[in-house]
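Labels below follow one simple rule: chain letters A, B, ... track the order of the sequence lines, proteins then strands, and each chain is numbered from 1.
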Protein chains: 2
Amino acid sequence: MRTDTIPEEQLDRVFHALSDRTRRALVRNLSEAQGTVTALAEPFDMSLNAVSKHLKVLEGAGLIERHNSGRTSVCSLNTASLETAQVWLDQYTEFWNEMLDSFGDHMKRKTDSAAIPPKARK
Amino acid sequence: MRTDTIPEEQLDRVFHALSDRTRRALVRNLSEAQGTVTALAEPFDMSLNAVSKHLKVLEGAGLIERHNSGRTSVCSLNTASLETAQVWLDQYTEFWNEMLDSFGDHMKRKTDSAAIPPKARK
DNA sequence: ATTATTCTCAACCGATTGGTTGAATGTATA
DNA sequence: TATACATTCAACCAATCGGTTGAGAATAAT
């Protein structure tokens with residue numbers, strides 16, 4: 001379990017990339033099979049150029065990787081970057097914490113449960 | 001564990017809300033203690049109006065709730081909406097799936113591991 | 001060699017974003 | 001009542017966003 005701080009810039013990019021439903025659909029499709037830009041663009045009612053730009057945003061966020069082979073560019077999902085967002089969210093929800101507790105695993109518990117809340121941060 | 005589909009509009013709003021670092025800082029601060037608009041705005045080098053607008057975005061995404069008391073508006077975090085994003089991410093990462101497997105819990109496994117990937121969706 | 005395919009770059013467009021300022025509203029307090 | 005405080009509304013601004021079109025570069029096929 002990662003506990004170090006994730007750079008704000010990366011979180012900006014990852015959450016922004018996932019805030020568009022076309023890009024989320026691309027992530028979903030890429031989770032099932034990798035594909036070329038043309039193949040990935042096929043299901044959408046927009047130009048190839050638009051999808052190409054969406055893929056660039058996903059790449060900028062580290063959510064996909066490209067493997068250029070000849071004139072085609074094969075994209076594949078990078079789940080590690082998805083976990084960046086996941087880890088951030090896990091800090092503020094009890095969902096998985098409770099599940100871990102139910103298995104008797106307390107490694108995620110804070111040792112000091114201070115009554116005084118930490119200072120607000122900018 | 002939820003398996004139904006989350007409305008795209010809500011995912012749009014939640015991920016967009018979290019794509020701004022000021023709003024993420026507000027979420028973090030609210031995870032430690034609820035606060036008024038003025039109190040929440042204090043750590044930031046921007047106008048009160050700007051923070052008020054950020055809180056409105058968070059509220060629109062269902063990430064915070066308000067309790068109006070007199071002339072002050074007390075904001076508090078709604079972790080259920082954070083879980084909306086969390087559940088979406090969990091569909092595409094192996095992180096927690098592997099952890100569940102390690103506990104011998106296979107409820108997240110697909111019964112049919114088809115070799116043919118499902119059709120791409122728009 | 002010519003033609004077709006895959007993909008990106010550049011310019012452009014309207015809409016939205018994150019910020020500002022100033023006025024307005026409602027609520028405490030002196 | 002008059003005044004200070006907490007918050008929002010409205011207008012504005014530059015920057016970014018998601019889309020378009022058209023041109024161009026590189027590769028594959030005929």
**OP:** Applying side chain to side chain contact (heavy atoms under 4.5 Å, CB included) between A/C75 and each of A/L40, A/L58, A/T36, report the one that passes.
**Re:** A/L40

Original post:
Between residues 60-75 of chain A and DNA chain D, which residues have a heavy-atom gap below 4.0 Å?
Top reply: A/G70, A/R71

**OP:** Go through the structure and list residues passing side chain to side chain donor-acceptor pair (under 3.5 Å) with A/H16, not counting sequence neighbours.
**Re:** none

Original post:
Which nucleotide of DNA chain C is the first, and which the last, in the 5' to 3' direction, to come under 4.0 Å of a heavy atom belonging to chain B?
Top reply: C/dT17 to C/dA28

Subject >> Closest approach of B/G62 to B/S81 (non-hydrogen atoms, all atoms of both residues) >> reply: O-OG, 2.7 Å

Subject >> Net bend of the helix from C/dA1-D/dT30 to C/dA30-D/dT1, end axes of five pairs each, nearest 10 degrees >> reply: 10°

Original post:
Quick one: salt bridge (Lys or Arg N to Asp or Glu O under 4.0 Å) partners of A/R13, sequence neighbours excluded?
Top reply: none

**OP:** Could you list the residues that satisfy side chain to side chain donor-acceptor pair (under 3.5 Å) with B/S19, not counting sequence neighbours?
**Re:** none

Original post:
Among pairs that include at least one residue of residues 57-91 of chain B, which meet ring pair (Phe, Tyr, Trp, His ring centres under 6.0 Å), considering only residues two or more places apart or in two chains?
Top reply: B/F15-B/W88, B/W88-B/Y92

Original post:
Got A/L89 and B/L18 here, is their nearest side-chain heavy-atom distance under 4.5 Å?
Top reply: yes

Original post:
In chain order, what residues pass the side chain to side chain donor-acceptor pair (under 3.5 Å) check against A/N49, with sequence neighbours excluded?
Top reply: none

Subject >> Phosphate contact (D/dC17 OP1 or OP2) by B/H16 side-chain N/O below 4.0 Å >> reply: no

**OP:** Measure the CG-CD distance between B/D20 and A/E8 for me, rounded to the nearest 0.5 Å.
**Re:** 9.5 Å

**OP:** Kindly say if B/S52 contacts the phosphate of D/dT8, meaning a side-chain N or O under 4.0 Å from OP1 or OP2.
**Re:** yes

**OP:** Kindly give the heavy-atom pair with the smallest separation between B/G35 and B/L30, and that separation in Å.
**Re:** N-CD2, 4.0 Å

List every contact pair, protein side and nucleotides 19-23 of chain D side both N or O, where the distance is under 3.5 Å.
from	atom 1	to	atom 2	distance (Å)
D/dG19	OP2	A/H54	NE2	2.0
D/dG19	N7	A/K53	NZ	3.0
D/dG19	O6	A/K53	NZ	2.3
D/dT20	OP1	A/S47	N	3.4
D/dT20	OP2	A/S47	N	2.9
D/dT20	OP2	A/S47	OG	2.7
D/dT21	O4	A/N49	ND2	2.4
D/dG22	O6	A/N49	ND2	2.4

Original post:
Which residue pairs satisfy the salt bridge (charged side-chain N to carboxylate O under 4.0 Å, His left out) criterion with at least one member in residues 54-69 of chain B, sequence neighbours excluded?
Top reply: B/E59-B/R66

Subject >> Set of salt bridge (Lys or Arg N to Asp or Glu O under 4.0 Å) partners for A/R71, sequence neighbours left out >> reply: none

Original post:
Looking at residues at least two apart in the chain, or sitting in another chain, which of them share a salt bridge (Lys or Arg N to Asp or Glu O under 4.0 Å) with A/E42?
Top reply: none

